[in-house]
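Below: one structure, written as structure tokens.
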Number of protein chains: 2
Amino acid sequence: MASARPPLNWLRAFEAAARLGSFAGAGAELNVTPSAISQHIRALELRLGKELFDRHANGVRLTDRGRRYAEELGRAFGLIDEATARIAGRGTREMLVVHVPTSFASQWIAPRLDLFRASHPTIDLRLTALDHGEGKVDAAIEFGWGNWPKREATLLLRDETFPVCTPKYAESLNSPEDLRARDLLHVPGYDEDWDTWLAHVGVTGIDTSAGSFFDQSIMGIRAAIEGKGVLLGRTALIERELASGLLVAPFEQRLRGAGSYWFLATPQKARTPKVTAFRDWLLNMTAPVAAVGA
Amino acid sequence: MASARPPLNWLRAFEAAARLGSFAGAGAELNVTPSAISQHIRALELRLGKELFDRHANGVRLTDRGRRYAEELGRAFGLIDEATARIAGRGTREMLVVHVPTSFASQWIAPRLDLFRASHPTIDLRLTALDHGEGKVDAAIEFGWGNWPKREATLLLRDETFPVCTPKYAESLNSPEDLRARDLLHVPGYDEDWDTWLAHVGVTGIDTSAGSFFDQSIMGIRAAIEGKGVLLGRTALIERELASGLLVAPFEQRLRGAGSYWFLATPQKARTPKVTAFRDWLLNMTAPVAAVGA
DNA sequence: ATTGTACCATTAGATTTTCTTGCGCTTCCC
DNA sequence: GGGAAGCGCAAGAAAATCTAATGGTACAAT
């Protein structure tokens, strides 16, 4: 009878406190303060009309009743964990759900996933480009300026913007002026676009309203790889293509943008081990940066 | 491993939907909208990386995986319910926690508890005078004007205020002027006090700053029963004493106050069966009144 | 073919639940 | 005597949950 069941979060707090022998220990396991645990257990006792712990100034002790209840709850939670592990098919592994731009996921994270898996075999990643609403994902990676409200923002990558194309396409590009006669590939949505770059290198008279436009960088990258034009690329998303020679930078001028890629998580989520582990791994994979609390 | 466990409320929503075969059915059982169930299950599937339901425009169908998972979760929740029933010692009975003024609990509810228990044998009551903070109690009974924010208020009792004392004490009280030479018993905190009543009956010159003062009506009632003075009593709290003759009203003038006793619950709590049952019972026990949404 | 009903999906914002913070207290150890 | 550890409490902040509104589809009834 669901309606006689106490709130499950209270039971979770109680079971953890009983198993670990302290509110402080339970708080550490559940990533909350001991005060939160105390309030849950107090509420549970109010609801049940029974004392589960004897209170002492230097710690709590389970009552006999509390110990029996905790044992049974422990078995129930064990069943839940086993069922979840069986259904998810990952044993003691856990899922980390991250909201990431498609291009960053494909171009930057996917090529390194083997490294993450090797160093964190118990964490499965789910990268989603969709917005699932508040609290449904564990963390996010966003491009911007780091000033998101209510999120801890950790700087991952500063980007540089510069033209790229195939080596063959580059043969006819000796100076930026040569872009006039070529197809420009655009990915709108950033402050740095063809106008910005051309102004940066002091070239005028090129029609930047022409060319092909893509909603996502990865589409433009693919078009460039297929030799369909010159893409205004960004470092983070094409470093493998540059390294392999699939794409080259026909000019050496690069534009340092104001935006960067940031790792975002709410303070509560940021404290969970899997989020911490992923963030630290990302930081290891990128240049040293300082975390900026937003 | 607690950290790989999905949020328990998501599991609860999923298990109910699976067992009842619809999101609408699960919503009805858990007193939430089907939309809430839908969002929880979607989030769970995101977290697990597995589909638990096949979606159809006219309803959902469990996948095989979903059915297996729901069966195991059902067993776990069954363990939780059994353990809770064993510890609480009330089988399928459930606890209703109500925040009530001490005097109202003792003087009005307690004398009728047998009637409530007889008509609702599956609901145990816990009456508490303490404030346990938001969301820790299921409902409240308060004295006031019915304008609490965010609470559904149902009028229970309008009160009348008038002097009461023992029959023996009343022998020397032929008119309100006779109160001048007697001990007044006060329960401060109401708009209607001795000053108000005396003004109401047109009597002046009685020192209402003298006498004994009690923080709770039940103390004053006991003092009156012990013949220690004349209490300015209120209908709801002394009807049994009046009926038994322990206390009498030496004068017939009664003061209709502005305040009343109200039954309060948040809209969410108000929808739960046990809260509904208790409120309806209270209404049956009191004069017919109209519910006022606050 | 049309209409009504039932159900679920999605998004934005409201509400509720949960949690943190700050402070206070006690016990125990050094 | 002082420091460390632990829990309690209340107020307010943060997070989680939920509702409302709208839209869509399938199916049954007409």
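Note that these values count all heavy atoms, side chains included, but never hydrogens, waters or copies made by symmetry. Per chain, numbering begins at 1; letters A, B, ... match sequence-line order.
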Under 4.0 Å: is that the gap between some side-chain N or O of [X] and OP1 or OP2 of [N]?
{"X": "A:Arg271", "N": "C:dT20", "result": "yes"}
{"X": "B:Ser38", "N": "C:dA9", "result": "yes"}
{"X": "A:Arg42", "N": "D:dC9", "result": "yes"}
{"X": "A:Lys269", "N": "D:dA16", "result": "yes"}
{"X": "B:Trp10", "N": "D:dA16", "result": "no"}

Whole angstrom is fine here: how far is it from [atom1] in [X] over to [atom2] in [N]?
{"X": "A:Asp54", "N": "C:dT27", "atom1": "CG", "atom2": "P", "value": "15 Å"}
{"X": "A:Leu44", "N": "C:dT17", "atom1": "CG", "atom2": "P", "value": "16 Å"}
{"X": "B:Glu29", "N": "D:dC18", "atom1": "CD", "atom2": "P", "value": "13 Å"}
{"X": "A:His40", "N": "C:dT18", "atom1": "NE2", "atom2": "P", "value": "6 Å"}
{"X": "A:Ile37", "N": "D:dC9", "atom1": "CD1", "atom2": "P", "value": "16 Å"}
{"X": "A:Arg12", "N": "C:dT17", "atom1": "CZ", "atom2": "C1'", "value": "12 Å"}
{"X": "B:Leu30", "N": "D:dA16", "atom1": "CG", "atom2": "C1'", "value": "16 Å"}
{"X": "A:Glu51", "N": "D:dG8", "atom1": "CD", "atom2": "P", "value": "11 Å"}

inquiry  = Reading DNA chain C from 5' onward, which residue's closest nucleotide shows up sooner: A:Ala57 or A:Asn31?
reply    =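 Residue closer to the 5' terminus by nearest nucleotide: A:Asn31.
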
Residue mapping more 5' on DNA chain C - nearest nucleotide basis, B:Gly21 or A:Asn58
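Closer to the 5' end of DNA chain C: B:Gly21.
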
Please state whether the base of D:dC7 and the side chain of A:Ser22 form at least one donor-acceptor pair under 3.5 Å? no

(message) Is there, by distance only and without an angle test, a donor paired with an acceptor across the side chain of B:Gln39 and the base of D:dT19 below 3.5 Å?
(response) yes

Name the residue closer to the 5' end of DNA chain D, choosing between B:His56 and B:Asn9 according to the nucleotide with the nearest heavy atom.
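In this pair, the answer is B:Asn9.
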
ask   = Are the charged groups of B:Asp54 and B:Arg61 less than 4.0 angstrom apart, N to O?
value =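 So B:Asp54 does not pair with B:Arg61 through a salt bridge.
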
- prompt: Are B:Arg55 and B:Glu45 ion-paired here, with the side-chain N under 4.0 Å from a carboxylate O?
  reply: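 Yes, this pair counts.
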
Qualifying ring pair (Phe, Tyr, Trp, His ring centres under 6.0 Å) pairs, either residue in residues 46-68 of chain A, two or more places apart:
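Passing the test, one end in residues 46-68 of chain A: A:Phe14-A:Phe53, A:Phe23-A:Phe53.
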
Does the [X] side chain pair with the main chain of [Y], one donor and one acceptor, at a distance under 3.5 Å?
{"X": "B:Asp138", "Y": "B:Val97", "result": "yes"}
{"X": "A:Glu29", "Y": "A:Gly25", "result": "no"}
{"X": "A:Glu15", "Y": "A:Leu11", "result": "no"}
{"X": "A:Ser217", "Y": "A:Ser103", "result": "no"}
{"X": "B:Ser106", "Y": "B:Thr102", "result": "yes"}

With a non-hydrogen cut-off below 4.0 angstrom, is A:Thr33 in contact with a base, only sugar-phosphate, or nothing?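 Base contact.
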
Would you classify B:Ala24 as touching base, sugar-phosphate or nothing, given that sugar-phosphate means primed atoms plus P, OP1 and OP2, and contacts are heavy atoms under 4.0 Å?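 Sugar-phosphate, backbone atoms only, no base.
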
> If an axis is fit to five pairs at each end of the helix from C:dA1-D:dT30 to C:dC30-D:dG1, what is the angle between the two, to the nearest 10°?
Replying inline: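 Between the first-five-pair axis and the last-five-pair axis there is 30°.
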
Check: If you check every side-chain atom of B:Ser35, which of D:dT19, D:dA15, D:dA10 has the closest atom?
Finding: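 Ranking D:dT19, D:dA15, D:dA10 by closest atom to the B:Ser35 side chain puts D:dT19 first.
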
